[in-house]
Q: 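Let me begin by handing over the structure; questions about it come next.
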Amino acid sequence: MLKTAFVAARDRQRLSEIATILIGFGVTRVVDRLGLRYLPLVPRRQPRVDVTRLSEPERLRRAIEALGPTFIKFGQVLASRPDLLSPAWTEELQKLHSQVVPVTWEQIGPQLELDLGGSPFEVFAEFDTNPIASASIAQVYRARLHSGEDVIVKVLRPNLRKIIEADLRLMAHGARIVENEWPDMARYQPREQMRHLADGLNGELDLLNEARNCELLAQIFEDRDDIVFPKIHWEYCSERVLVQDFIHGIPPNDEAALRAAGIDKKLLAQKGTDAFLQMALIEGVFHADPHPGNMLALPGNKIGFIDFGIIGRLSQRRRSQLLVLIGAMLKQDADGLMAVLLDWTGTSNPDLTRLQVSAQSFVESHSSIPLNLGLVLTDFMNMARENDLAMPTDLAILFKGLVTADGVMRHLDPNFDLFAAAGPTVRASMQTQFSLSALKQKAEALGVGLYGAASELPTLIHLMLVRLKQGRVTVEIEVKGLDKVTRGIERAAARVAVALVVAAFATQLAPRLIDLGTPVFVSIGLIIFILGIGWLVLLMRNK
């Protein structure tokens, strides 16, 4: 409570807004568990009447929308985590949207002019002040360069960073409270989740980062003209402004436009899958949100990608594990599936018998061909949640991207089988990872490590022999509950010591004091004797 009050002192105004909104929407359990209700800055408000008939997930979703971009992003992350939340919550949170009422030109125009170093009507040959998109983080405008290219101008909403930074500080503190006060929630690693949320939002608050992400992904496909990325016009870009080519494409869910353009939807689905899997499985960096608005069909059966505020990354080890998972799914190998899950969730301590039954049930329920990847991955994450296992964040981001991409491809081709379509990319990835050159590199790395360990071995053996000769080898053994045993032994030893002192006094010292005939010594002896007996009785009672 004291630490919460200290944190509240810094961001008291924002904390008051958050608590007021949560209480107003009836999300009182969160307020109470985080100790916010009793802070003096929070009004004693009861839930509003018009939300009392809503379910808890609905109330939470509406509160999140009212709380703004930081919480909307967090809610969208939770919506993609069936390994953390039950379907009732994830389905409701999937309704969250970032589309908000646009900021007026009078509010955003001065900021844009400052960032461009001049009026946008002079910097660009044409500039439309009506935004074509308005999200919680930024707004997007159409413009044309003096050189003739059609571009989009993405502009951060004014005064956003201060609010988001305050929200992230408060949410990080809330995550610490959850992890410390609710031990059953620690397995979900709330602080780690907050760290990833903060990394993602800080990346989105710097539009230069989005520009770099775009060029990073574009380099992967620089030899292919059927995978298109927008050109970045760096001379106009800054932290709050991004200028890039406008891609004249068709959303994959616009049936009439696709038909009119003569797009081969099956071919487009295959190309989209190839592109996404090449990014994820071979390069280890991928578009994290490939929804229909970010994947566009272009004439000539080309596919274009836009919006690179968030990208996912996978280590080589993680990509290898993913290949093992795909293999286990295709072979219906319940034991292999369980091994991958346990490897991913590391610190958890699940019921292995229950997990084995769940894994066997999973492979049996997804034995039909073609496989629905979206359903497979959602059920896989549900299985993790039901067995108290939480997925690593990088994999959760990948799974979200795969589920989203699978939905887009199925819209293009209802009979689309992503597992079958992934075959060439998976084989290429396996050839890359297990080629002779890759195995040689791994062997060389292993050899270097073994050589380093072997070079230290003679020194370690010599040191151990010296310690043995000196009798200075110590062994540390940790036994649970040993501290209780130690305290019991110490109390018993104290009782024995007191008893011995009292007995010695009674049998040896007391008669000699009496023989001396000195009343003072006799009195002192009797007092010591009585105190010793009393202390011994107390120790016996407290054993």
Side-chain angles (χ1 to χ4, degrees), residues 68-70 72-73 97-167 200-219 228-251 254 257 287-289 291-296 298 304-311:
T70 314
I72 288 173
K73 290 293 182 184
H97 57 84
S98 296
Q99 295 297 321
V100 296
V101 177
V103 173
T104 65
W105 178 251
E106 288 71 24
Q107 292 174 283
I108 208 169
Q111 173 186 295
L112 178 57
E113 183 171 343
L114 178 65
D115 290 333
L116 290 173
S119 168
F121 306 106
E122 297 174 356
V123 173
F124 301 103
E126 297 179 19
F127 188 91
D128 186 352
T129 59
N130 297 309
I132 60 174
S134 176
S136 58
I137 299 291
Q139 293 184 180
V140 180
Y141 299 87
R142 287 285 303 272
R144 179 172 293 169
L145 300 181
H146 289 289
S147 53
E149 296 98 325
D150 288 331
V151 295
I152 63 103
V153 181
K154 189 172 186 177
V155 187
L156 285 186
R157 296 169 73 92
N159 305 316
L160 197 61
R161 181 175 288 276
K162 184 177 180 180
I163 295 174
I164 289 179
E165 288 178 347
D167 285 347
L201 276 170
N202 286 327
E204 289 192 77
L205 287 174
D206 183 357
L207 294 181
L208 290 174
N209 182 65
E210 181 172 343
R212 288 189 290 268
N213 289 342
C214 177
E215 291 202 337
L216 175 65
L217 295 178
Q219 288 174 3
V228 178
F229 290 81
K231 176 185 175 183
I232 303 297
H233 296 275
W234 286 100
E235 62 270 30
Y236 305 104
C237 295
S238 64
E239 181 179 310
R240 297 188 297 190
V241 178
L242 171 65
V243 179
Q244 63 186 36
D245 279 351
F246 180 85
I247 294 184
H248 298 269
I250 304 169
D254 190 340
H287 195 300
D289 193 18
H291 64 72
N294 291 338
M295 295 176 63
L296 301 174
L298 308 178
F305 288 90
I306 61 172
D307 194 355
F308 310 95
I310 302 177
I311 61 173

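Start at 1 with the first residue, then count along the sequence. What's counted below: heavy atoms across the whole structure, side chains too, no hydrogens, waters or symmetry copies.
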Q: Determine whether H233 and V151 satisfy the following criterion, side chain to side chain contact (heavy atoms under 4.5 Å, CB included), listing intermediate values before the conclusion.
A: CA-CA 9 Å; H233 296 275; V151 295; 3.8 Å; yes
Q: Identify whether NZ of Lys or CZ of Arg in R142 sits under 6.0 Å from the centre of the six-membered ring of F246 and within 45° of that ring's axis.
A: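 Relative to the ring axis of F246, which defines the angle, R142 lies inside both limits.
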Q: Could you grab the distance from atom CD1 of I163 to atom OG1 of T70, nearest 0.5 Å is fine?
A: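 Here the interatomic distance stands at 8.0 Å.
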Q: Determine whether a donor-acceptor pair (N or O, by modelled atom type, separation under 3.5 Å) exists between the side chain of E210 and the backbone of G203.
A: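 No, because the side chain of E210 does not come within donor-acceptor range (under 3.5 Å) of the backbone of G203.
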Q: Taking all heavy atoms of D206 and all of R161, pick out the closest pair and write down the distance.
A: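 Result for this residue pair: N-NH2, 4.4 Å.
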Q: Does some side-chain heavy atom of D307 sit less than 4.5 Å from a side-chain heavy atom of K154?
A: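 Of all side-chain heavy-atom pairs linking D307 with K154, at least one is under 4.5 Å.
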Q: Looking only at heavy atoms, which two atoms of I232 and A211 are closest? And how far apart?
A: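 Scanning both residues completely, I find the closest heavy atoms to be CG2-CB, 3.9 Å.
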Q: Can you measure from CG (L207) to SG (C237) and round to the nearest 0.5 angstrom?
A: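 It is 8.5 Å, given to the nearest 0.5 Å.
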Q: Can you tell me how far the CD1 atom of I152 sits from the CD1 atom of I306, to the nearest 0.5 Å?
A: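 It comes to 7.5 Å.
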Q: Rounded to the nearest 0.5 Å, what separates atom CZ in R157 from atom CD in Q111?
A: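 Rounded to the nearest 0.5 Å, the CZ-CD separation comes to 11.0 Å.
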Q: Does H287 use its side chain to pair, donor to acceptor, with the backbone of D289 at less than 3.5 Å?
A: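 It does hold such a pair.
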Q: Could you check if a side-chain atom of V153 sits within less than 4.5 angstrom of a side-chain atom of F127, using non-hydrogen atoms only?
A: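 V153 vs F127: side chains touch.
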Q: Evaluate I108 against L112 for side chain to side chain contact (heavy atoms under 4.5 Å, CB included), listing each step before the verdict.
A: CA-CA 6 Å; I108 208 169; L112 178 57; 5.6 Å; no
Q: For the pair L216 and I311, evaluate side chain to side chain contact (heavy atoms under 4.5 Å, CB included) and give the outcome as yes or no after the intermediate values.
A: CA-CA 10 Å; L216 175 65; I311 61 173; 4.1 Å; yes
Q: Does N213 use its side chain to pair, donor to acceptor, with the backbone of F308 at less than 3.5 Å?
A: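 Yes; at least one donor-acceptor contact below 3.5 Å.
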Q: For L145 and A125, work out which heavy atoms get closest and say how close.
A: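 Of all heavy-atom pairs spanning L145 and A125, the closest is O-CB, 3.7 Å.
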Q: What is the ring orientation for Y236 with F124, classed by angle as parallel under 30°, tilted 30 to 60°, or perpendicular over 60°?
A: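 Aromatic pair Y236/F124 classed tilted.
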Q: When you check the side-chain N and O atoms of E215 and W234, is any donor under 3.5 Å from an acceptor?
A: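 Distance-only check passes for E215 and W234.
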Q: How far apart are the C-alpha atoms of I137 and L156, what are their side-chain angles, what is the distance that settles it, and do they pass the side chain to side chain contact (heavy atoms under 4.5 Å, CB included) test?
A: CA-CA 6 Å; I137 299 291; L156 285 186; 3.6 Å; yes
Q: Nearest 0.5 angstrom please: Q244 CD to D150 CG, how far?
A: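 Output value for this atom pair is 13.0 Å.
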Q: Taking atom types as modelled and ignoring hydrogens, do the side chains of T104 and Q107 form a donor-acceptor contact shorter than 3.5 angstrom?
A: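 There is such a pair between these side chains.
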Q: What heavy-atom pair brings S134 and P102 nearest, and what distance separates the two atoms?
A: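 The answer is OG-CA, 3.3 Å.
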Q: Tell me the closest heavy-atom pair linking P230 and C214, and the distance in Å.
A: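 Minimum heavy-atom contact is O-SG, 3.4 Å.
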Q: Using side-chain heavy atoms (C-beta onward) and a distance below 4.5 Å, is V140 in contact with P131?
A: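 Sidechains of P131 and V140: no contact.
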Q: Can K231 and D245 be counted as an ion pair, charged N to O under 4.0 angstrom?
A: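 Judged by the 4.0 Å cut-off on N to carboxylate O distance, K231 and D245 do not form a salt bridge.
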Q: Is there a donor-acceptor pair closer than 3.5 Å between any side-chain N or O of D128 and the backbone N or O of N130?
A: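 Yes, the answer is positive, given that a donor and an acceptor are paired below the 3.5 Å cut-off.
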Q: Determine the interplanar angle of the W105 and Y141 rings, folded into 0 to 90°, and report it as parallel if under 30°, tilted if 30 to 60°, perpendicular if over 60°.
A: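 The arrangement is perpendicular - the two ring planes meet at more than 60°.
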Q: Counting N and O atoms only, with roles assigned by atom type, does the side chain of Q139 sit under 3.5 Å from a partner on the main chain of V103, one being a donor and the other an acceptor?
A: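 Answer holds: yes.
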Q: For the residue pair L296 and G249, what are the closest heavy atoms and their distance?
A: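 Scanning both residues completely, I find the closest heavy atoms to be CB-CA, 4.0 Å.
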Q: Distance from F229 atom CZ to L217 atom CG, nearest 0.5 Å?
A: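 The CG atom of L217 is 5.0 Å from CZ of F229, to the nearest 0.5 Å.
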